[in-house]
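Note sheet for the following structure.
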Amino acid sequence: MRNRNERSDNRKQTDKLSGVIQVFFFSAFLLLFLKNFAWQGLALAVGVPLVIRIGTSVLPEKFHMDPLLLSLTNFLCGLGVLTLYATNPAYAYLQMVYYGIGLIAMIIFIYLVRLIKSWGFLSALMIPASLALLALPLVIGQETYGAKNWFYIGSLSVQPSEIVKLSMLLILAHYMSRHRMLPWLIFSVGCLGFLMLQKDLGTALMYYGTALMMYYASSSNIVLTAVGLGGGAGAAVLGYHMFAHVKKRVAIWQNPWSDFDGSGYQIIQSLMALASGGLLGVGLGLGYPTVIPVYHTDFIFSVICEQFGLLFGLCVLAVYVAIVWRGATIAMAARYSFHGLLAMGCTALIALQTFTIIGGVIKLIPLTGVTMPFVSYGGTSLVSSLCLMGMLQGVASLNATNLEDDIELARLRRPEVLL
Amino acid sequence: MPENVYEVISLGARYWFILLGVLLVLRTFRWLRRDRKATHDQVHSTSGIGMIGELSVISSDGDLQYGMTMPVPYEGVMGSVRTCDLVIPDADVAPQHCDFSLIPGKGVVLRPRRHCIVYVNNREIASARKGTQLPLHHNSQLQIGSTILQLRVFPGIDAGPAEELPYPQWLMQQPPNGNQPTFQWYTGEQYPLYGQPPADPQQPVYPQQYGAPPHYPDADNEDIWAGYPFTAEQPPQQDNGYPFDNGYLPRNRRGRRHDDAQS
């Protein structure tokens, strides 16, 4: 009876939240349809809310998903599609395809986390495979924006660091839960070494931060964590002196106006977009968001703030905070430390990635080339973010199953049952 | 649509989008808060959630008192610092002494940390690397530092076959007003593990008569112990400094008995 009540309560909450999301996307796509009366806009105005409605009502029941996390993920992915449609519809259509693939990958990861009981063999297998994958761009990769972190298979571009971050979480969670320091330490150092060689310092920062957070969560050792933080700061200083493009980025961060037409152009355009948007925005479909370089990936937050305003940008940030809050709750409720650490790692990675890119876009920290989780355009990025969410959802569903079992067992222990 | 008309509609729609954004955030945080409260209520109204049983203190040189119980989660760390899942405040217990996890059907497997030793039913488990696996079952006795604990597994939890007690089970599990086994930590009742003394004070019966370990209250009272017949078959062994030697003598975390250190 209690479970039934809980389910109906959850259902009500889901309906309320997804109702707001559906109304938002319906009105936003309808507005864009009114701009040029393109049938795609009308199709999206009907299709996106419908997909969200079906998704949030069917998927949590069928695949043991957490409805709140699913609703928030849907909102962010939908916001990505909306922003891309408002700026360049071709990207939006592709993003929808990636979203569909990502949803399937998310469901697969939920089942992987639920069904695989022992990750020992798989973790040992994943270490050399991940390192080899990460080393591949150094051999056959192409340099983009100063970093050599992509390679191409035909017309398909692949960023291995986005795939390896999933295996990294599984490997770290497995070995840290067993208190075996050497394997994960060697793996982490290997990953960071390859990322430094690729000059992909943003991803290296995320990997390092996530590993450090997971280490603290697994050991509670504040001294070694502080030593790790110090080591990270030392490595950052070393990276600054070793790589010319890092020096350049720091210089631009300090004063972008020194080279306003060259290397500082990106950040200046981003700041101008934020300023022109103001608190309320210039209006959906208005303004000049395409002036910002890479507006569809790294600077998509600037586009959102320009079109919808800073207040709405704060709401988007709050959604990320809610995801992190939920993730931390899931991690703390996990029965086994592997699952707890996995959930904590996923949460930390999403939080760090969001902080790194939004901090870079608003000139809080030097800009690094990472994508905004769930929102930015990009197949590898979106699918890997949804896989992360799948792992988090897997742990959440295990927690729900365990709680139901525990309640049943607790009922058996009640004195009136015993006597 | 003419651009100026669209501009007017779009400018008006900004307020609508912000309103929806704020509504979304409010509903999300309301849901988070409600879930947190619901989980809190559920956990507190249903004792034993996430626990497999309890460890009751048989004896300790540390701060733990005889008869105290602590709930045991499915997996965790045992040690003397606050951050451990099972805190054993004992000078001979390392800050993080050993990891434990329930393997269904097998029992609670212990993995001592480096240089740490635990004893299960008086058999040593020195390190996980050595491959010694003596899982704890229902009624198993565990010695960590100078503290001796006994595991009692909740019904419905598959922790392998239960072990025989070195003393009559009915004495251990008899509550003051019932005949069925129950759990102190769960019910919150306080009663001695080894039975109640008789109501007639003129007829003293000491708990050690039932095989209670030496740290039972009043164990140090020499008047009680003087010439007391423990059992006809097994007289007390006075030479090791303890009136009743059941093999579970306090040891430090490197496995040495306190007696050895003194000698």
Side-chain angles (χ1 to χ4, degrees), chain A residues 2 6 9-10 13-14 16-17 20-21 23-24 27-28 31 34-37 68 71-72 75 177-179 219-220 279-286 307-309 311-312 314-316 318-319 322 325-326 329 333 335-338 402-403 405-415 418-419, chain B residues 1 3 5-18 20-32 34-36 38-39 42-43 46-52 73-77 81 83-84 96 99 101 111 113 128 154-157 178-183 186-187 189:
Chain A
R2 174 186 278 192
E6 250 174 42
D9 192 44
N10 261 349
Q13 298 280 341
T14 313
K16 278 183 185 173
L17 190 67
V20 175
I21 296 171
V23 170
F24 174 81
S27 42
L31 186 65
L34 291 176
K35 189 179 181 185
N36 49 13
F37 294 107
L68 177 63
S71 301
L72 297 179
F75 171 71
S177 67
R178 301 249 159 176
H179 302 286
S219 69
S220 312
L279 277 180
L280 302 171
V282 294
L284 183 60
L286 302 175
Q307 306 250 307
F308 293 100
L311 284 177
F312 190 83
L314 280 178
C315 292
V316 174
V319 168
W325 182 348
R326 192 66 159 188
T329 313
R335 177 172 286 181
Y336 291 103
S337 54
F338 169 75
N402 290 338
L403 189 65
D405 292 348
D406 278 350
I407 290 169
E408 185 56 32
L409 286 175
R411 199 187 61 80
L412 288 174
R413 287 199 295 273
R414 282 155 65 180
L418 289 168
L419 290 174
Chain B
M1 181 180 281
E3 267 189 30
V5 178
Y6 178 78
E7 203 174 318
V8 171
I9 297 172
S10 185
L11 284 171
R14 296 179 306 170
Y15 301 98
W16 172 242
F17 292 134
I18 287 170
L20 287 174
V22 172
L23 202 61
L24 172 81
V25 172
L26 287 178
R27 289 215 162 142
T28 302
F29 280 87
R30 200 172 155 204
W31 189 343
L32 283 170
R34 184 180 282 196
D35 259 19
R36 190 167 153 241
T39 312
Q42 203 165 40
V43 168
T46 321
S47 297
I49 279 190
M51 301 297 161
I52 58 162
Y74 281 79
E75 189 190 78
V77 183
V81 289
T83 48
C84 290
Q96 290 181 325
D99 303 290
S101 59
R111 289 186 299 276
R113 297 281 178 95
F154 289 149
I157 303 286
N179 296 317
Q180 295 296 318
T182 182
F183 296 92
Y186 172 67
T187 58
E189 292 173 47

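Here is the naming used below: chain letters follow the sequence lines, and residue numbers restart at 1 for every chain. If you're wondering where the values come from, they're calculated on a predicted model, not measured in any experiment.
- Under the 3.5 Å distance criterion, the side-chain polar atoms of B/Arg14 are matched with a main-chain donor or acceptor of A/Gly281.
- Once rounded to the nearest 0.5 Å, the distance linking CG of A/Asp406 with CD1 of B/Ile157 reads 7.0 Å.
- Comparing A/Arg178, A/Gln307, A/Lys16 by how many heavy-atom pairs each has under 4.5 Å with chain B, the most go to A/Lys16.
- Heavy-atom minimum distance, A/Phe24 versus B/Phe17: CE1-CD2, 3.6 Å.
- Closest of all the heavy-atom pairs between B/Val25 and A/Cys315 is CG2-O, 3.6 Å.
- Residue contact with chain A, scored on non-hydrogen atoms closer than 4.5 Å, involves the side chain of B/Gln96 exclusively.
- Interface check for chain A: of the options B/Leu26, B/Val81, B/Leu24, the most heavy-atom pairs under 4.5 Å are formed by B/Leu24.
- In terms of heavy atoms, A/His179 sits closest to B/Asp99 at NE2-OD1, 3.0 Å.
- Using a 4.5 Å cut-off between heavy atoms, A/Phe37 contacts chain B through its side chain alone, with no backbone atom that close.
- The CZ atom of B/Arg27 lies 12.0 Å from the OG1 atom of A/Thr14; values are rounded to the nearest 0.5 Å.
- In this structure, A/Leu284 and B/Tyr6 approach most closely via the heavy-atom pair O-OH, 2.7 Å.
- Ranked by heavy-atom pairs under 4.5 Å with chain B, the list A/Leu68, A/Val23, A/Ile21, A/Asn402 is led by A/Leu68.
- Listed by chain and residue number, nothing satisfies the ring-ring contact (aromatic ring centres under 6.0 Å, His included) test with B/Trp16 (two or more places apart in sequence, or in another chain).
- When all heavy atoms are compared, the tightest approach of B/Glu75 to A/Arg335 is CB-O, 4.1 Å.
- Ring-plane geometry between B/Phe29 and A/Trp325 is classed as tilted, the angle between the planes lying from 30 to 60 degrees on a 0 to 90 degree scale.
- The CD atom of B/Glu3 sits 10.5 Å away from atom CG of A/Asn36, with the distance rounded to the nearest 0.5 Å.
- The parts of A/Ala28 that come within reach of chain B are both its backbone and its side chain, each placing non-hydrogen atoms under 4.5 angstrom from that chain.
- Within a 6.0 Å radius of CZ in A/Arg326, more than 12 heavy atoms belonging to other residues, nucleotides or ligands are found.
- Proximity to chain B is limited to the side chain of A/Leu311, based on heavy atoms less than 4.5 angstrom apart.
- Shown here for B/Ile18 and A/Leu279, the closest heavy-atom pair between the two residues is CD1-O, 4.0 Å.
- For the ring-ring contact (aromatic ring centres under 6.0 Å, His included) test, no residue two or more places apart in sequence or in another chain qualifies with B/Tyr15.
- Contacts of A/Ser27 with chain B are made by both backbone and side-chain atoms, with heavy-atom separations under 4.5 Å.
- Looking only at heavy-atom pairs under 4.5 Å with chain B, the residue among A/Val282, A/Leu314, A/Leu286 that has the most is A/Leu286.
- With chain B as the partner, the residue from A/Ser220, A/Gly309, A/Ser337 showing the most heavy-atom pairs under 4.5 Å is A/Ser337.
- Within the model, atoms CD1 of B/Ile9 and CG of A/Leu31 stand 7.0 Å from one another, a figure rounded to the nearest 0.5 Å.
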